[in-house]
Structures are given as structure tokens and as C-alpha cells.
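Just below is one structure, and these are the notes that go with it.
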Protein chains: 4
Amino acid sequence: MGIDEQKSAKRRGMIQAATALFAKKGHHRTTVDEITKEAGVAKGTFYLYFRDKEELLKLVMQELLEKHKLAYEVLGATPCPKERLRQYIAWELKFIAENADFARLNLNALGAVDKSLIEWYSMIQREHMEFLEGVIEEGCAKGYFKEMDSTRAARFLRGVVFMFQAGRILKPQAQGDMEGDVDFIYSTFLGGVQAD
Amino acid sequence: MGIDEQKSAKRRGMIQAATALFAKKGHHRTTVDEITKEAGVAKGTFYLYFRDKEELLKLVMQELLEKHKLAYEVLGATPCPKERLRQYIAWELKFIAENADFARLNLNALGAVDKSLIEWYSMIQREHMEFLEGVIEEGCAKGYFKEMDSTRAARFLRGVVFMFQAGRILKPQAQGDMEGDVDFIYSTFLGGVQAD
Amino acid sequence: MGIDEQKSAKRRGMIQAATALFAKKGHHRTTVDEITKEAGVAKGTFYLYFRDKEELLKLVMQELLEKHKLAYEVLGATPCPKERLRQYIAWELKFIAENADFARLNLNALGAVDKSLIEWYSMIQREHMEFLEGVIEEGCAKGYFKEMDSTRAARFLRGVVFMFQAGRILKPQAQGDMEGDVDFIYSTFLGGVQAD
Amino acid sequence: MGIDEQKSAKRRGMIQAATALFAKKGHHRTTVDEITKEAGVAKGTFYLYFRDKEELLKLVMQELLEKHKLAYEVLGATPCPKERLRQYIAWELKFIAENADFARLNLNALGAVDKSLIEWYSMIQREHMEFLEGVIEEGCAKGYFKEMDSTRAARFLRGVVFMFQAGRILKPQAQGDMEGDVDFIYSTFLGGVQAD
DNA sequence: AATGAATGAGCGTTCATTCAT
DNA sequence: CATGAATGAACGCTCATTCAT
């Protein structure tokens, strides 16, 4: 293991410890001491890699954001807007199941008071909205969907998906049949928006 | 003014101060000092009426919950399930606009890590879900809606309404035409669930 | 003992403890913990009475400044400028002997890097200079002293007195015959400035 | 470049960096990190050349002391004590203007609480005093000056010069006419001490 | 010799909670 | 009941010093 990787290892260790702890306890309740102990380094080491706790929070959010963004590139490749919609729903539910940290932080951020968390939530939300508005407008243009306010429609669907995600985050044990959820959301939304 | 009312007055004052402060700054960032100062009583008085800050938080939530519950009694009186659905949507958007404290706390609670906030969110959520499941099942029984999983449908609609509420909470200045929102949600949802 | 005096007592205790400690160790090396322990109160108590350590430092300096100022009122009452000069010298040596804390802080402040200490030193210094310039100008006007730059003369005498003070502060044990010092300073300075 | 010179070069670099930094920020506020960064070496290198920060401080002072001493050898060569006095005054004001680092450290040391700084100040002070006492005693012996306590007279003049130096250090921008200062100090002091 | 990552004691400050009055 | 002064544990952060490479 080279020096770079070692250095990276401590950094990574702290970022991962923080990601988990922030998700579990919120970043307020998480102390620098806990993060470093969890990562197996001394307290002072924290400040070798991060200016302060705030910076680490931003890095954690940044990282989760990147992860989330990658998904959209895949989705964007699907030509049919209806199909893209379905994939969006499926992907979102799956992503949340596999990235509990992101999911929890996303919920935290929605109700946050801290500026950085609020901004972060806004960025994620905007990303969703832009994607969905794009799909819907294309669907309208192609005659699949009836004419409507694409912002409202995007928010509508985002809300549905969000709530199904929240259900899975808050009560992971009670959740089964993800495919069924996807079908239900997709077909019900389609029923509401499709051209007559 | 009797002793009881005096006592009650201080209690009330602190609960109200806390409600506003919790909504504005989150309950973490709100100090006992601020609450008592805002309520015009001494710091020590706090502990005559509440065991600790946690208990006050619970009381604040309890109170907001009661307020919210009252609404459902009115809605329950409407016989037609489709009409009840429409009223639910309209009421929820209106309620949030008029009860910013409740609204913010609701967002906080969704992402909370504190046990009491989580429980509170669950209670509110259950209330919504029970109401909506009831309406939907009745609508199915009466042949208005197609056969479907009423829990999923309830969650679906809850999500939509929630996201429109969140939009109004997070960007109050950017929100207009509530009636238009209600129409959109109602008709789109109906399009998705109505019997063929 | 009333509430006011009690409150005052803790405050006073901390100010006095701080005055002594700042003089002994410098305010950098003095910790809040030491101050409160010396004053016999808990650490948190400090912040009931002072916003932060900086504020306490300012208060300590303020207080010492007031004490020092009082002296000048007495000196101002003496009509003859030559006599006033002599009294200034005598007073300054005596004051330093009786107010070791002030003296040490004064020395600290001369070489300080901290803004508040520097400002404080400037204020004290300006006070000396204004007093001395006044005396000298009056002495010139009355024909006691030859015509000269009063600022230079004031600085000249201030330097002499300062150095005799510093000697007494830094090596208190080696100092005797204060009256002899006063005579020497007075007569030598007079010899240098008196009219031919 | 041999190993010795390399070693010496790093040492020198750190001593010089420290001299400047101590003067600018005080040695408390100066971190080892800053010193090594300024000197362009690694942090750990510091401890190869100095036991700790304290030792470096001593070395810095030592070096400044040597520099200062050199001046006195030149002054010593002047045979006439009155002339030597004048040269002392002129030299001191000039030295301070050209050695801001020494000057600031000198002020720091006067009010210091650290043992090593105090000792350093004492050494410098003793050097001044010995020089001045020598001059004065010679002047007395030669009949230029009246009989007097040479220690007192030395302290007297040292004080005057010190205060004019301090003025130049603390408010460099406000200082003009050094020659005028020298003349004033010299003639006024002479007026005070010369034989009748 | 030289590095710089790692350490951890120690600092100033906050705030929920207690308790003498 | 009511007060608010007092407490002290806990936090985020700094920096002189060590040590494996």
C-alpha cells in the first residue's frame, strides 16, 4: 500500500464513518470524537483532512450526490419517455434500498435548518424535477400524455416516489415486493396523465 | 385569575414559545433559555412544568396533532368518497399554509433521529393513511374506483399531497394558485384510479 | 449579604483572580479554568458574568485605568507646574509600588500583539503625554523652562519615569530609596530644561 | 555544499523565519508549523535542530543579542565620553529603525512572563547600563559631569532613549527627524548632568 | 538526515439541569 | 410557586511534539 492509499484510507475511513453516523444520528448529534473513534484514528487527525465538521458534512453530501447523479446518465439513454419514467421509478426505489445512508440524509435534509443541508436538498430536488419535467414534456410532445403543467406533473410523481421511498427507509422490515410498488406507481400515474 | 389559570398561563406560554422556536430553528438549536425568555418566565420555571426539553417537545407535538385531528372530523362528515378525497387535498394544502409551525415540525420529524419525533411522525402518518385507506375502500366499494391495493393507493396520494405541501413550506414565496394545485392533484389521481 | 453583593462578589472575585493571574502569567497563559478555580466558582459561572475571556481582559484593564486616572485629578490641583512635575514623578513611582498588577500589565501591554492590549497601552500613554505636555507648556509660558518642543520633553520625562518604574517592577527586592530616585529625576530633568 | 552547510542552512532558515515571525506575532502566536513552512522545511525537521520551541526562542534572542553587542565595540572606540554619549543615542535610534525584529522582541521581553525572555531582557539591559555607567563615570572623572550616582544617571538616560525607541517601534509612520530627537535628548540630558 | 502524518492534552465556550433562596 | 445563579459535562478545535518511513 503506497502513501497515497494510506492517506486516502484514513480520509475514506472518516468519511464513511461520518456518513453512517450522520445518517444514524444526524450530524448535530455526531461528535468528531465519535467519527474518529469509529474510523480508528486520533481526534486531531480529523483536522488534518477536513477543515471542520461542516466541511466533512459537505463532502459526505457531495459524495452521495455524485453517486445519485450517475444513475441519471443511465436513465437518460432510454429513448421512450414512458419507459424512462418506469425506469426512474424502479431505479429510485432500488437506489434507496441500497443506499440507506443517502436515503436517511435525504430525509434529514428535507426538514433541516442548516444552510448546507437545505442547499443540498434543493440541488437533489432540482435534479429530480428537471429530469421528470423533461420526460413529461417529451411524453406530451409525442402524444403519450395529455397536455398539462409539466412542473405540477413532475412534482406529483416525485411526491409519490418520495413517499414510497420514505416508507422503505423508515420501516425497512415492513417492505416487500418492490416490483409491485413500481408497477402500481407507474400504471396509476400513467392512468392519470395519459392522453385520452 | 385563579392559581390554576396562572399555572396554565405559564405552561401555555412556554408551549407556544417552544412551538414557534422549534419550527423556526429546530428543537436542537432552541435552548431552554430562549423558550423561557420568549415566554417571559424564569429559566427554572421550565422545570416546574416539564420534566425536560424532550417532554416539552412531545407536548408541542401532541398539541399540533390534536389540531390536525380536528380537521378530519369535518372531512369525515362528507358522504361522497370522491368529494371527501377532494376536500382532503384542499384541506391539507390550506392547513399547511395556515399552520407553518405544524408544517415545519412535520418536515423535521420526517427526517428525525430522535425517537419521539419519529413516533410523532408515524402517528400523523398513520392517521393520514387510515383516513385515505378508508376513503379509497369506500370508493372501491361504491364502484367509483377500480379494485386495487388501498394501502398503496393511500400512500400514493399521501406522497403527492406531501410534496405539494413541502413545496409550499420550503418556498412559500414561490407558491401561487392553490386551487389549481388541488384540481391538478385531484383529477390526475382520479384519472389513475377510477373504474374503467 | 444581599443578592447584589453576592453577585458582585463572584464577579469581583473573578476580576481580581484574573488581574493577579494576567499580571503573573500573561493573559494568554491564563486559562478560564484557572481564573474560576482561583475565584472558587465553576467554570460555567465565568460566562454568566463575562461574554468571553477577551471581555474580562478589557474589564481588568478598564479597572486599572480608572484607578490610574484618579491620581491625575489630585495632581491637577497643584498650581505650580514645577511642583506638579515633582508630584507626578513621586506619584508614579509610588503608584507602581502599590499596584504591582497594573504595573505588570502595563509592561505586558507595551510589547503586546493583541489589539486590545495595544489600545489600552496607547490610552495610558496618551494620558501621560497630555498631562506632561500640559505641565511643560505651562512651565514654558511662566518662564520656568526654556522654549522647547513640549512633545519631545514630555516623552523624555515619561521615558525616565518609565524606566525607574520598570526597575522597581522587575527587581522589587533591589529597590530602595524612592525619595532619592524622585529627587534625582526631578533635579536632573529640571537642569536640562530650565530657562537659562 | 557540504553536509555541514546544508544543516546549517536549514537551521539558519528556521532561525530567521522565527525571528521575523516572533517579532510580528509574538512567540506565543507563532506556531512551529509556520516557522518550518516559512523556512521551507518539514515540520519534523524542527526537532532535529532544536529541542523545542523554547530553545529556538533562546537562540533567536541570543543572535539578536550578538548583533547588538557588536555596536558597542564601535562606540567604545570613541575617546571623549560626551561624544560617546551622543553616539550611543544616535546609534540606538538608528539600530532600532534598522532592526525591527530586535526592537519588537525587546518590547516583548520587557513585559514578558517567560523566564527566558525575562533573562534576555535583563542581559540586554545590563549591557546598556554597564556601557552608560562607564561613560558617565568617565565623564565625571574628567570633570565634564557633576558628581552623581552613575547608576541612576545611566538608568535615566536609558529610559529616555528607550521611550524614543518605543515611539518609533509602535508608530513607525508617525516618526520623522531622528537627528532632531538625538539632539534634543543629548542636550537636555547634558543640561541636567553637566558640571556647573 | 529528513519527512509529514499522527497524536492527544488542553483550550474556550455552550447549555440542560439543579437548587438555595 | 417562582426564581435565576450556579454547575459541570461535553463539544469543536489547536498545536507542540513524536515516530514510522
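Note that the coordinates shown come from a computational prediction; the quantities given were computed from them, not determined experimentally. Per chain, numbering begins at 1; letters A, B, ... match sequence-line order.
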Set out, line by line, the N/O atom pairs under 3.5 Å between protein and nucleotides 14-17 of chain F.
{"residue": "F:dA16", "atom": "OP1", "partner": "D:K53", "partner atom": "NZ", "Å": "3.1"}
{"residue": "F:dA16", "atom": "OP2", "partner": "D:V32", "partner atom": "N", "Å": "2.9"}
{"residue": "F:dT17", "atom": "OP2", "partner": "D:Y47", "partner atom": "OH", "Å": "3.3"}
{"residue": "F:dT17", "atom": "OP2", "partner": "D:K53", "partner atom": "N", "Å": "3.4"}
{"residue": "F:dT17", "atom": "O4", "partner": "D:K43", "partner atom": "NZ", "Å": "3.2"}

Please report the interatomic distance CG(D:N108) to CG(C:L107), rounded to the nearest 0.5 Å.
12.0 Å
Does E:dA1 have a Watson-Crick or wobble mate here (both distances under 3.5 Å), and if so which one?
none
Using 4.0 Å as the upper bound for N to carboxylate O, is an ion pair formed by B:R12 and B:E63?
yes
Mind checking who E:dC15 pairs with, Watson-Crick or G-U wobble, both distances under 3.5 Å?
F:dG8
From C:K25 atom NZ to C:E34 atom CD, the distance as rounded to the nearest 0.5 Å
3.5 Å
Could you check how far NZ of C:K25 sits from C1' of E:dG10, rounded to whole Å?
13 Å
Spacing of D:Y49 atom OH relative to F:dT18 atom C1', expressed in whole Å:
18 Å
5'-most contact on DNA chain F: B:G40 or C:G40, nearest heavy atom basis?
B:G40
Return the nucleotide paired to E:dT21: Watson-Crick means purine N1 to pyrimidine N3 with N6-O4 or O6-N4, wobble means G-U with N1-O2 and O6-N3, both under 3.5 Å.
F:dA2
Nearest-Å distance for atom pair CD/P, residues A:E34 and F:dA10:
12 Å
What's the NZ-P distance between C:K10 and E:dA20, to the nearest Å?
12 Å
Do the ring planes of D:F102 and D:H68 sit parallel (below 30°), tilted (30 to 60°) or perpendicular (above 60°)?
parallel
Between B:H27 and B:F22, what is the ring plane arrangement, given parallel below 30°, perpendicular above 60°, and tilted in between?
perpendicular
CG of B:L48 versus P of E:dT21: gap in Å, rounded?
18 Å
Can you tell me the distance, in whole Å, between the CZ atom of A:F50 and the C1' atom of E:dA5?
14 Å
Rounded to the nearest 0.5 Å, what's the gap from CG on D:D114 to CZ on C:R29? Could you check?
4.5 Å
Using whole Å, report how far CD of A:E55 lies from C1' of F:dG12.
14 Å
Partner of B:I35 by side chain to side chain contact (heavy atoms under 4.5 Å, CB included), out of B:L56, B:V41, B:T19:
B:L56
